Amino acid sequence: MTGAPKFTTLGCRLNAYETEAMKELSQQAGLENAVIVNTCAVTAEAVRKARQEIRRLRRENPTARLIVTGCAAQTEPETFTAMPEVDAVIGNTEKMQPSTWAGLAADFIGETEACQVDDIMSVTETAGHLIDGFGTRSRAYVQVQNGCDHRCTFCIIPFGRGNSRSVPAGVVVDQIKRLVDRGFNEVVLTGVDLTSWGADLPAEPRLGDLVMRILKLVPDLPRLRISSIDSIEVDDNLMQAIATEKRLMPHLHLSLQHGDDLILKRMKRRHLRDDAIRFVEEARGLRPEMTFGADIIAGFPTETEAAFANSLKLVEECDLTWLHVFPYSPRPGTPAARMPQVNGRDIKERAARLRAAGERQVTRHLAEQQGRTHYILMESARMGRTEQFTEVTFDADQSEGHIVTATIAGTRGHQLVAA
């Protein structure tokens, strides 16, 4: 192959964001005839899939330079350096540095060090690779934070991403202004541990301060959305924004992980089930139309049937609409991997029951929208999303990227149907 590099992204939205930044960096460096794999390390299965993808890409691109980066490359550089298919391994810090790509582009005969992965815990800043949106022409994603200071017993991500670092508010506001000038009608704030934003900045501002500042200083931004948050870290200003700022979308995805207090303690989470219930009730009291998604792990080590039942009950008690269910798989190097494991069949069966509970919640949410009028951001000619992030289909073409008003006439699968 010749020409611009090919990129493959595995894992989270932040990885997808960073892939877009790497495309710009590699293009500026003049890199050609290369395949770059941006890996995920969230589970052992994710690392296995990364190796499988690398072997497939090598077969399809036998003459290209194959470069591996991302969280799995950061946490297991020796694994990928040892693969015969791989020409270079670069860490999560290195992948955002123009000098890395300049070196890769300038030297295709092997003089560049094959493994460039430094200690990510020594990284103290994030920024310098902000890009003006990606994905659809309607919605842009802005990374405001990276890394995590917490050490949940099931999670390897801090060792792939490093400690928490925040992008200064002024930089974020300037980028969002550029996005609005380019016609984006919705901006999503993203990060690894979004509610820790600001702790490493002067005066230690909170996420709510950032949200209020964005909404004040970018008055032409129609919609601001927040990605996954840790509800126990939500500050007073964010609650005020939920209550008073209609441009802040009424949809939050919560990092809950479980509904049983003992399991939450063994996970080393910082909240209990009552904290989650209390937060959801308070937020809905301030904004009745608020909907919630959540991450929940099925089959965490030592999980009994009674403990699992508490997760099932939490889905209804918090009225969670959009579930991300993760069957637990042990991640080597984490404390949870050394705990007594749950039988694999039980994990699979419990994950299925959680997903079924989620399906019931979605069905109920869709039914409640019948006859209601929504403001819908069009992602394509015939599909858009409500403020609560529910998909809506149209029988006639709409203007992509525009916000349209429509009444809901019915449902089709997991989608609403506009009249």
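Residues take their numbers from the sequence shown, with the count starting at 1. The structure displayed is predicted, hence computed values, not measured ones.
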Original post:
Where the side chain of D261 meets the backbone of L272, is there a donor-acceptor pair that is under 3.5 Å apart?
Top reply: no
Original post:
Between E391 and R412, does at least one N-O distance fall below 4.0 Å, as a salt bridge requires?
Top reply: no
**OP:** May I ask you to test the F300-M339 pair for a side-chain heavy-atom distance under 4.5 Å?
**Re:** yes
Original post:
Quick one: are L210 and L207 in side-chain contact, heavy atoms under 4.5 Å?
Top reply: yes
Original post:
So, do P98 and Q28 sit near enough that their side-chain heavy atoms are less than 4.5 Å apart?
Top reply: no
Subject >> Minimum heavy-atom distance between D87 and A64, given as atom pair plus value >> reply: OD2-O, 3.7 Å
Original post:
Can you find a side-chain donor-acceptor pair between H365 and Q388 that sits under 3.5 Å?
Top reply: no
**OP:** Report the C-alpha separation of I214 and L189 in whole Å, then their side-chain angles, then the decisive distance to 0.1 Å, and conclude whether the side chain to side chain contact (heavy atoms under 4.5 Å, CB included) test is met.
**Re:** CA-CA 11 Å; I214 291 168; L189 303 182; 4.0 Å; yes
Original post:
With distance as the sole test, does W197 use its side chain to make a donor-acceptor pair with the main-chain N or O of V167 at under 3.5 Å?
Top reply: yes
Original post:
Is there a salt bridge (charged side-chain N to carboxylate O under 4.0 Å, His left out) between R48 and E45 once you walk through the steps?
Top reply: CA-CA 5 Å; R48 187 192 69 78; E45 176 66 10; 2.7 Å; yes
Subject >> Check: Q257/S255 side-chain N/O donor and acceptor closer than 3.5 Å >> reply: yes
Subject >> Sidechain-backbone polar pair: H150 side chain, C152 backbone, donor-acceptor under 3.5 Å >> reply: no
Original post:
Can you list the residues that meet the ring pair (Phe, Tyr, Trp, His ring centres under 6.0 Å) rule with H374, with sequence neighbours excluded?
Top reply: none
Original post:
Among I67, V68, L66, whose side chain to side chain contact (heavy atoms under 4.5 Å, CB included) with F80 holds?
Top reply: V68
Original post:
Would you say L224 and V211 make side-chain contact, with heavy atoms under 4.5 Å?
Top reply: yes
Subject >> Trace of the salt bridge (charged side-chain N to carboxylate O under 4.0 Å, His left out) decision for E186 with R223 >> reply: CA-CA 5 Å; E186 182 174 300; R223 291 162 62 140; 2.9 Å; yes
**OP:** Examine the side chains of H251 and T291 and answer whether a donor and an acceptor come within less than 3.5 Å of each other.
**Re:** no
Subject >> Inter-residue atom distance E20.CD - N38.CG, 0.5 Å rounding >> reply: 10.5 Å
**OP:** Evaluate whether atom CD of Q27 has more than 12 neighbouring non-hydrogen atoms of other residues, nucleotides or ligands under 6.0 angstrom away.
**Re:** no
Subject >> Backbone N/O of R350 and side chain of R355: donor-acceptor pair under 3.5 Å >> reply: no
Original post:
Just checking, any donor-acceptor pair under 3.5 angstrom between side chains of Q145 and S164?
Top reply: yes
Original post:
Distance-only, no hydrogens or angles: does the E316 side chain make a donor-acceptor pair with backbone N or O of L314 under 3.5 Å?
Top reply: no
Original post:
Is the backbone N or O of T43 less than 3.5 Å from a side-chain atom of S329, with the two atoms forming a donor-acceptor pair by type?
Top reply: no
**OP:** Check the surroundings of atom NZ in K49: do more than 12 heavy atoms from other residues, nucleotides or ligands lie under 6.0 Å from it?
**Re:** no
Original post:
Given the rule in the side chain to side chain contact (heavy atoms under 4.5 Å, CB included) test, do V142 and V172 qualify, once you have shown the distances and angles that lead to the verdict?
Top reply: CA-CA 8 Å; V142 175; V172 175; 4.3 Å; yes
Subject >> R55 and R58: CA distance, side-chain angles, deciding distance, side chain to side chain contact (heavy atoms under 4.5 Å, CB included) verdict >> reply: CA-CA 5 Å; R55 288 190 287 267; R58 170 53 75 206; 5.8 Å; no
Original post:
Would you say the side chain of H253 lies within less than 4.5 Å of the side chain of D295, judging by non-hydrogen atoms?
Top reply: yes
Subject >> Side chain to side chain, L238 and D209, heavy atoms closer than 4.5 Å >> reply: no
**OP:** Grab the two heavy atoms, one from A73 and one from I90, that are nearest each other, plus how far apart they are.
**Re:** CB-O, 3.9 Å
Original post:
Nearest 0.5 Å, what's the OG1-CD distance between T9 and E53?
Top reply: 10.0 Å
Subject >> E60: salt bridge (charged side-chain N to carboxylate O under 4.0 Å, His left out) partners, not counting sequence neighbours >> reply: R56
Original post:
Above 12 or not: heavy atoms from other molecules or residues under 6.0 Å from OH of Y375?
Top reply: no
Original post:
Got a second to check how far I176's CD1 is from L221's CG, nearest 0.5 Å?
Top reply: 6.5 Å
Subject >> Heavy-atom closest contact (P327 atom, V325 atom, distance) >> reply: CD-O, 3.7 Å
**OP:** List the atom of Q97, the atom of L25, and the distance in Å for their closest heavy-atom pair.
**Re:** N-CD1, 4.4 Å
**OP:** Kindly say whether L31 contributes a backbone atom to a donor-acceptor pair with the side chain of R65 at under 3.5 angstrom?
**Re:** no
Original post:
Taking it one step at a time, do H414 and E359 satisfy side chain to side chain contact (heavy atoms under 4.5 Å, CB included)?
Top reply: CA-CA 9 Å; H414 283 178; E359 293 282 335; 2.7 Å; yes
Original post:
Side chains of Q361 and D319: is there a donor and an acceptor less than 3.5 Å apart?
Top reply: yes
Original post:
So, N185 side chain and P222 main chain: donor-acceptor pair closer than 3.5 Å or not?
Top reply: no
Original post:
Is the ring centre of Y141 less than 6.0 Å from the ring centre of Y17?
Top reply: no
**OP:** Provide the closest heavy-atom pair for R161 versus C12 in the form atom of the first, atom of the second, distance.
**Re:** NH2-SG, 4.5 Å
Original post:
Side chains of D230 and T195: do they bring a donor and an acceptor to under 3.5 Å?
Top reply: no
**OP:** Answer yes or no for R151 and F159: cation-pi contact, defined as NZ/CZ to six-membered ring centre under 6.0 Å and angle to ring axis within 45°.
**Re:** yes
Subject >> 4.5 Å side-chain heavy-atom contact, V187 and R225 >> reply: no
Subject >> Interatomic spacing from CG in L194 to OG in S228 - rounded to 0.5 Å >> reply: 8.0 Å
Original post:
Sub-3.5 Å donor-acceptor pair from the side chain of S138 to the main-chain atoms of G401, do we have one?
Top reply: no
**OP:** May I ask you to say whether K265 pairs ionically with D260, meaning some side-chain N is under 4.0 Å from a carboxylate O?
**Re:** no
Original post:
Is the Lys NZ or Arg CZ of R385 less than 6.0 Å from the centre of F389's six-membered ring, within 45° of the axis?
Top reply: yes
Subject >> ring pair (Phe, Tyr, Trp, His ring centres under 6.0 Å) partners for H402, two or more places apart >> reply: none
Original post:
Do R206 side-chain atoms and E233 backbone N/O form a donor-acceptor pair below 3.5 Å?
Top reply: yes
Subject >> Worked check of salt bridge (charged side-chain N to carboxylate O under 4.0 Å, His left out) between R278 and E282 >> reply: CA-CA 6 Å; R278 184 164 50 248; E282 182 180 355; over 6 Å; no
**OP:** Measure the spacing between CD of Q143 and CZ of R165 and express it to the nearest 0.5 Å.
**Re:** 8.5 Å
**OP:** Count the heavy atoms belonging to other residues, nucleotides or ligands that lie under 6.0 Å from CG of D236, then report whether that count exceeds 12.
**Re:** no
Subject >> Value rounded to 0.5 Å, distance of CD in E400 from CE in M383 >> reply: 10.0 Å
**OP:** Report the relative orientation of the aromatic rings in F279 and F292; use parallel for angles under 30°, tilted for 30 to 60°, perpendicular for over 60°.
**Re:** perpendicular
Subject >> C40 to N15 - nearest heavy-atom pair and separation >> reply: N-ND2, 4.3 Å
